Each structure stands twice: as C-alpha cells, then as structure tokens.
Novice: 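After the structure tokens below, expect a handful of questions from me.
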Amino acid sequence: METISKTIFDATEIRGRKLANRLVVAPMTRVSATAAGVPTQEMTDYYEAFAAGGFGMIITEGTYTDALFSKTNHHQPGIANGEQMNGWKRVVTAVHRHHALIINQLMHGGALSERSEETIAPSAVQPIGLRSTDSSVPASAFPMPRAMEAEDFEHVKSGYVNAALLAYEAGFDGVELHAANGYLFDQFITPHTNLRTDEYGGDERNRLRFLMEVYQAVKTALPDGFIVGIRVSESKVNDLAYRWPGGADTARRIFEVLAEIDPDYVHIAAEGGRWERECRYPDGTSSNSIAKSILKSPVIANGGMHDVALAGTLLNSNAADLVSIGRAAIASPDWPKLMAAGEPVVPFFKELIKPSLTLSHTRQVREQCRESALC
Ligand SMILES: Cc1cc2nc3c(=O)[nH]c(=O)nc-3n(C[C@H](O)[C@H](O)[C@H](O)COP(=O)(O)O)c2cc1C
C-alpha cells in the first residue's frame, strides 16, 4: 500500500480548530510594547506579517500574567489588565484577517525576572548566569528569589486564569503555558531549582503538579474550543547545555504525567535552535518521539525546523504533528509563501534581533537585505 508522506504544507487541526498548514511561528520576545506592557501598532504590523505570509498558527512572545512578580523584561507586553487586552485585540483582529490562529504565550519569569528586585521561585536558589537583555544596563547577578508560599501559589494561578480570560476577550484562539526555557514552571520541573519537600517537590509528578493545577484552572475557566497548550524544554535561557537528568527516562516520566491532563498540544522548545543536540537521545529516540508515543495531544517540534528535510523527517517518523519556526520567521515573515513558491528566503542574521532594534527598523534591515545581492 502506498503511504502518503506528510509535509509542512498539509492542512491540520488542533482539537478541532483548523490550521491551513503545519507551520507555526515560535514565541519570540521582542521587547517592543510600551513601558506599561501595552502592545503597539508596530507589534500589530509585526504579527500580521506572519499571518499574511502564510503561517497556519502564530504563538506570541511570552506575555506576563500579573502585576506583581511575573514580568520578565522591560517593554515586555502583559495581559494583566484591560488596556493591555485592548492592545492585543488589535493584534488578534489583524491576524484573523488572514485566517491564521493566534495563541498568546503566558509567561511568569520566576527567578529569571530581568527587572524586579524581589523575585519568587519554587525554592531560594540563585539562578546561574547574569541578567540583562538590555545593553543600557550592565549585566549583574540574579537576586536570590524568595521561596513561594501558599498565597504566592494562589496569586500566580489566579494571574494565569485572569490572563487567559483576557486573552479570550481579546479574541485569541488559545494560550500557551510557558513551562520551558528556565522560567517559573520550568524552575518547578528542574530538580536543582526545586528543593521543596512538600507536594510540589520531589518526583516528576510533584514537580509538574503546579503547572498541571494551573492548566486545569485555566481549562475550567475558559469555554471548550479555546486551546490551552504547554511548552516544555530541556535547555534554558541561562543554561543552554542543561538536559533532563535521566535523559529519555525523564522525558518518558514527564510526558506520562502530562498525559493525565491531556493538554490541547505540547510544544517542545529547543532554545538554542538545534533540535538534534537539544532533543535527541543517544538511543535514537527524542523528546518529541517519546511525547508522541505517550500523549494523544498534537506535538509541535522546534529548533532549526526551517530545515525542511529535518521537519519532514520528524513529521513522517511520528515525532511531530507541527513545527514551529523562530529566527527564520523573523528573517522572512512570509517564509511559508516563499517556500511553497520555491522562492529564496532571507537568511537569518543576528542583527535582526538586536534588542535596541525596533520592529520597524528590523523590517527595514530585512528589506535592505532582500534587495541586496546578499540575500
Ligand atoms: C529573539 C528571540 C526571543 C525568544 N523569546 C521566546 C519567548 O518569549 N518564549 C519562548 O518560549 N521562547 C522564546 N524564544 C525561543 C524560540 O521560541 C525558539 O525556541 C528558538 O528560537 C529556536 O527555534 P528556531 O531554531 O526556529 O529559531 C526566543 C528566541 C529568540 C531568537
């Protein structure tokens, strides 16, 4: 019997919501909101370009969920009040004109907040590395976080529920709980940042308990059909080399526990951009293939997925249902259309994500590149 191979361009769906293809824009922090965390017209244009460029689904940059400790970066957008929600509504309306889905990534920085003097985390463990994504401020050590107490758990959870309700009001098709890259939920998942001896520390089920409680609170508060995905990773922004201690065994355990809540999708990040290095195990399995073998949820693969051959291999070896593209989408917001037409794409170059570069300036740099013989 002839088997038909899957391609990145196939129409697909997530929990009954239709997507034009399997191509997703990965969440990318762009520090371009107002100082009050309100999305701007520039951000509307930025996100609309991905939808017009043919991506089936767009996941926004990490967006903070409450006014207390969740904010991670200066000029990061929030979704914690009506003004921020209205800013996002303009983004969502523009994206929906092109029939793409748009998901708001909900993010709490925990101990990795770049700005607050007081930070919270599962345990009082000082993060490795230095903080500052802003070249105007000298890099410095992260402060020692305060170990979360009962009222912090309640506050973080109600922040996520409130943020998801505001995302729904803004018209988003869903939210993604950011449990990857070293931020708050990942600090719970990671043994060396979670030294708790209560029901939130210890084995994988305990370390995932808070994420799962928040997931369930959000699902209960939102109507059916509103997508709630979860993003996890091994590597961290402040420790790209970090891997789950038991490799494939830990991956198996993590996805077995997550299967109990049956997330609407699971997105596996490779922050460093190298799937092979960040998601593959010596026995030939990968976090993606293990997730697919355990979960019913669609799995999104990430990390260099603009390599179409790699993306095709994962789709056809039951290791992914969708792929998310980060840096290559910044370089070519119309990447899907260009690829489908066999036209050249603008290659990614580092200047495109210089924190001091505004989104409009990024567009100019990209256009100059496109017009020059370089691209
Ligand atoms: C400028 C930039 C900002 C990022 N911000 C986020 C973020 O807000 N949330 C997140 O989960 N990952 C973030 N990431 C990681 C990307 O989602 C993705 O995992 C990474 O770029 C690897 O994918 P790629 O090889 O397609 O670029 C960011 C990456 C870049 C380059």
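Every value quoted in this text rests on a predicted model; they were computed, and no experiment measured them. In this chain, residues are counted from 1 in sequence order. All ligand and atom numbering here is 1-based and tracks the order in the structure.
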Novice: Between Thr29 and ligand 1, which part of the residue brings a heavy atom under 4.0 Å of the ligand: side chain, backbone, both or neither?
Specialist: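 Both parts.
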Novice: Just go through Arg274, Arg231, Arg327 and tell me whose heavy atom is the nearest to atom 12 (N) of ligand 1.
Specialist: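 Going through Arg274, Arg231, Arg327 one by one, Arg231 has the nearest heavy atom to atom 12 (N) of ligand 1.
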Novice: Answer with side chain, backbone, both or neither: which part of Met107 has a heavy atom less than 4.0 angstrom from an atom of ligand 1?
Specialist: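 Neither; nothing of Met107 gets under 4.0 Å from ligand 1.
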Novice: Within ligand 1, which atoms have a heavy atom of Gln105 less than 4.0 Å away?
Specialist: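 The list of qualifying atoms is 7 (C), 8 (O), 9 (N), 10 (C), 11 (O).
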Novice: Below a 4.0 angstrom heavy-atom separation, can you tell me which part of Ser233, side chain or backbone, both or neither, approaches ligand 1?
Specialist: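 Neither part.
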Novice: Checking the N or O distance criterion of under 3.5 Å, is ligand 1 in contact with His306?
Specialist: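 No, since none of the N or O atoms of His306 sits under 3.5 Å from an N or O of ligand 1.
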Novice: Compute the minimum heavy-atom distance from Ala180 to ligand 1 and say whether it is under 4.0 Å.
Specialist: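 Not so, Ala180 does not reach ligand 1.
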Novice: For ligand 1, which atoms, with element, lie under 4.0 Å from some heavy atom of Gly62?
Specialist: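 In order of number, 8 (O).
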Novice: Within the structure, is a non-hydrogen atom of Gly303 found at a distance of less than 4.0 Å from ligand 1?
Specialist: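 Checking ligand 1 against Gly303, which is what was asked, there is a heavy-atom contact under 4.0 Å.
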Novice: From His178 NE2 over to Ser70 OG, what is the distance, rounded to the nearest 0.5 angstrom?
Specialist: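 If we round to the nearest 0.5 Å, His178:NE2 and Ser70:OG are 12.5 Å apart.
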Novice: Can Asp186 and Lys236 be counted as an ion pair, charged N to O under 4.0 angstrom?
Specialist: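 A salt bridge is present here (some side-chain N lies under 4.0 Å from a carboxylate O).
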Novice: In the protein, what heavy atom is nearest to atom 19 (O) of ligand 1, and what distance, to one decimal place, separates them?
Specialist: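 Its nearest protein heavy-atom neighbour is Asn302 OD1, 2.7 Å.
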Novice: Would Met305 count as a contact residue for ligand 1, given that I'm defining contact as a non-hydrogen atom of the residue lying under 4.0 Å from a ligand atom?
Specialist: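 Not so, Met305 does not reach ligand 1.
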Novice: Should the proximity of Ile330 to ligand 1, defined as any heavy atom under 4.0 Å, be assigned to the side chain, the backbone, both, or neither?
Specialist: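 Neither; no heavy atom under 4.0 Å.
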Novice: So, taking the atom named CD in Glu256 and the one named CD1 in Ile290, what distance separates them when rounded to the nearest 0.5 Å?
Specialist: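 Separation between the atoms: 10.0 Å.
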Novice: Salt bridge between Glu117 and Arg131, side-chain N to carboxylate O under 4.0 Å?
Specialist: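 Yes, this pair counts.
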Novice: Find the distance between OG1 (Thr40) and CZ (Arg90) and round it off to the nearest 0.5 Å.
Specialist: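 These two atoms lie 9.0 Å from each other.
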Novice: Return the residue, atom name and 0.1 Å-rounded distance of the protein heavy atom closest to atom 29 (C) of ligand 1.
Specialist: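 Residue, atom and distance for the closest contact: Met28 CG, 3.7 Å.
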Novice: Going from OG on Ser332 to CZ on Arg366, what distance comes out if it is rounded to the nearest 0.5 angstrom?
Specialist: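 The OG atom of Ser332 sits 7.5 Å away from the CZ atom of Arg366.
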Novice: Which residue from Pro27, Gly326, Ala26 reaches closest to atom 14 (N) of ligand 1 through any of its heavy atoms?
Specialist: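 Closest candidate by heavy-atom distance is Pro27.
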Novice: For Leu177 and Val228, work out which heavy atoms get closest and say how close.
Specialist: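 For Leu177 versus Val228, the nearest heavy atoms are CG-CG1, 4.2 Å.
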Novice: Would a single hydrophobic cluster contain both Leu314 and Phe255, if residues Ile, Leu, Val, Met, Phe, Trp and Tyr are joined by side-chain heavy-atom contacts under 4.5 Å?
Specialist: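 Yes, it is one cluster - the side chains of Phe255 and Leu314 are joined through contacts under 4.5 Å.
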Novice: Under 4.0 Å from a heavy atom of Ile325: give me the atoms of ligand 1 that qualify, with their elements.
Specialist: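 Every atom of ligand 1 under 4.0 Å from some heavy atom of Ile325: 26 (O).
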Novice: Answer yes or no: is there an ion pair linking Arg205 with Asp203, defined by an N-O contact shorter than 4.0 Å?
Specialist: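 No, Arg205 and Asp203 are not salt-bridged.
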Novice: Please could you name the atoms of ligand 1 that Gly304 approaches to less than 4.0 Å, counting only its heavy atoms?
Specialist: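 With Gly304 as reference, the close atoms of ligand 1 come out as 24 (P), 25 (O), 26 (O).
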Novice: Considering only heavy atoms, does His178 approach ligand 1 within less than 4.0 Å through its side chain, its backbone, both, or neither?
Specialist: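 Side chain only.
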Novice: Do you see a donor-acceptor pair shorter than 3.5 Å between the side chains of Tyr46 and Glu61?
Specialist: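 Note: Tyr46 and Glu61 side chains miss the donor-acceptor criterion.
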Novice: Enumerate the atoms of ligand 1 whose separation from the nearest heavy atom of Ile353 is less than 4.0 angstrom.
Specialist: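 Those atoms are 1 (C).
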Novice: Give the residue and atom name of whichever protein heavy atom lies nearest to atom 15 (C) of ligand 1, and the separation in Å to one decimal.
Specialist: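 Going by distance alone, atom 15 (C) of ligand 1 is nearest to Glu271 OE1, 3.2 Å.
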Novice: Do Leu195 and Val125 have side chains that get closer than 4.5 Å, going by heavy atoms?
Specialist: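 The answer is yes, as the side chains (C-beta and beyond) meet within the 4.5 Å cut-off.
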Novice: For the residue pair Arg327 and Phe348, would you count it as a cation-pi contact if the rule is NZ or CZ under 6.0 angstrom from the ring centre and within 45 degrees of the ring axis?
Specialist: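 Yes, Arg327 and Phe348 form such a contact.
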Novice: Hydrophobic clustering (ILVMFWY, side-chain heavy atoms < 4.5 Å, transitive) - are Leu258 and Val218 grouped together?
Specialist: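 Same cluster: Val218 reaches Leu258 through Ile, Leu, Val, Met, Phe, Trp or Tyr contacts under 4.5 Å.
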Novice: State the atoms of ligand 1, each with its element, that fall below the 4.0 Å cut-off from a heavy-atom position in Asn181.
Specialist: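 Those qualifying, in numeric order: 10 (C), 11 (O), 12 (N).
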Novice: Can you tell me the protein heavy atom closest to atom 22 (C) of ligand 1 and the distance?
Specialist: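 Here the nearest protein heavy atom works out to Ala270 O, 3.2 Å.
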